[in-house]
2 protein chains.
Amino acid sequence: MHRELLLLGVLRMGHLHGYGINEFIQRDMAFCTDLKKPTAYHLLQKMAEAGWIQENEVQDGNRPPRRVYQITPEGEAAFQRLLRENLANHFNAYFDGDIGLAFVDVLPADEALSLLRERQDGLKAELTMLENVRGHTSGGLQFILEHQKRYLAFEINWLDEVMKRLLQPREE
Amino acid sequence: MHRELLLLGVLRMGHLHGYGINEFIQRDMAFCTDLKKPTAYHLLQKMAEAGWIQENEVQDGNRPPRRVYQITPEGEAAFQRLLRENLANHFNAYFDGDIGLAFVDVLPADEALSLLRERQDGLKAELTMLENVRGHTSGGLQFILEHQKRYLAFEINWLDEVMKRLLQPREE
DNA sequence: TGTTGACTAGTCAAGATTGACTACTTGATG
DNA sequence: CATCAAGTAGTCAATCTTGACTAGTCAACA
């Protein structure tokens, strides 16, 4: 239900129509989700059916009409419930990069090393980008940016360790 | 294509029929994927259609017949390509727990703190479990276990930081 | 020998997700 | 004014993913 929580949370902040919600998510919350537009529309519709949000058509000048959404009391209750549940629980993280690592022995050590260095360079570039992000230091979003930066540093560091071990002769 | 890489890699190790492949993934690779049985069957079928693997029915005594899979040369080539691609690239990690964090301001600080402490306790329990895992120190799987343990420690540490900041009065 | 519980092997319908697409508006430029 | 790019708003078919289910085997025990 993380995606529902996200959408309800964004709606609560006042971004009210599908397009605007998506804009916000893509621009300001890209660090914590990869929710895409059609998925968002799908979930909004589902939540409307569930009574968590109310849907209104709004005509704005000559523009195509927008569906504007508003949280209902039931939606707010659901938001609070989901938020508490999310904060209290931890969620397994799976790292797609680990799958390759599981079979790294298949390649000659020197090739593996150069591929992993390439991965590490990508991570470093990403980190540099995040460090140059300014703005939206508002509340919780700041936490997420900080979390991502620390995570990237962690991964860069971990790869150093992996490469060191690949260099050492197999010992038991 | 991470899941394909995973399946090809497992097949290469000699786990040849659907059920056995799933057993292995659930038992020994639970730390790096949440691939489920029906998904695995689906992907095996797709890869068979693509010519990456060959499918044979095998009758074993009175047992229901098994579909036994074997990598083809094209499959091996695909494996090598996917492996190199996976090792050289980095993949954005999204943390579901961050979504709650984004809205943590909604709750009173003391409640947020106690919820996050609950989350942290869960992480600590998980870490303790991993630390007691013995066996299958074979090659790459060892890396993954180690990565997970370090990641959990990282998260536990990060939550300490978050809780400290929630306690401090908002400063600018 | 009948029954029970665990193991083996896989299927299926339902739901989630997304790449690619449509269609309209607005503003700027030549 | 015609055209072109960018912005706005959303849809759809195809694909991916999985919870729940079927159906057989085997071993052990009463």
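So you know, we letter chains A, B, ... as the sequences are listed, proteins then strands, and number each from 1.
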Starting at [atom1] of [X] and ending at [atom2] of [N], how long is that distance when rounded to a whole Å?
X	N	atom1	atom2	result
A:Asn56	D:dG10	CG	P	12 Å
B:Tyr41	C:dA13	OH	P	18 Å
B:Asp34	D:dG19	CG	C1'	14 Å
B:Lys46	D:dA14	NZ	P	16 Å
B:Leu7	D:dT17	CG	C1'	13 Å
A:Ile21	D:dT8	CD1	P	15 Å
A:Tyr19	D:dT11	OH	P	15 Å
B:Lys36	C:dT11	NZ	C1'	17 Å

Open item on the list: What's B:His42 touching, base or sugar-phosphate or nothing? Going by heavy atoms closer than 4.0 Å.
Closed with: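 Answer is base: heavy atoms of B:His42 come under 4.0 Å of a base.
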Task: A:Pro38 or A:Glu4, whichever maps to the more 5' nucleotide of DNA chain C - done: A:Glu4
Open item on the list: Does a side-chain N or O of B:Thr39 approach OP1 or OP2 of D:dT18 to a distance below 4.0 Å, or not?
Closed with: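 Yes.
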- [ ] Would you indicate, yes or no, if D:dT18 has its OP1 or OP2 atom less than 4.0 angstrom from a side-chain nitrogen or oxygen of B:Arg3?
- [x]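 B:Arg3 to D:dT18 OP1/OP2: side-chain N or O found under 4.0 Å.
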Open item on the list: Given the structure, check if the side chain of B:Lys37 and the base of C:dG10 hold any donor-acceptor pair shorter than 3.5 Å.
Closed with: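 In this structure, the two groups form a donor-acceptor pair.
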Shared ILVMFWY cluster between [X] and [Y], side chains joined below 4.5 angstrom?
X	Y	result
A:Leu43	A:Tyr19	no
B:Phe91	A:Trp158	no
B:Leu5	B:Tyr41	no

TODO: Determine yes or no for a side-chain-to-main-chain donor-acceptor pair under 3.5 angstrom, with A:Arg119 supplying the side chain and B:Asn89 the backbone.
DONE: yes
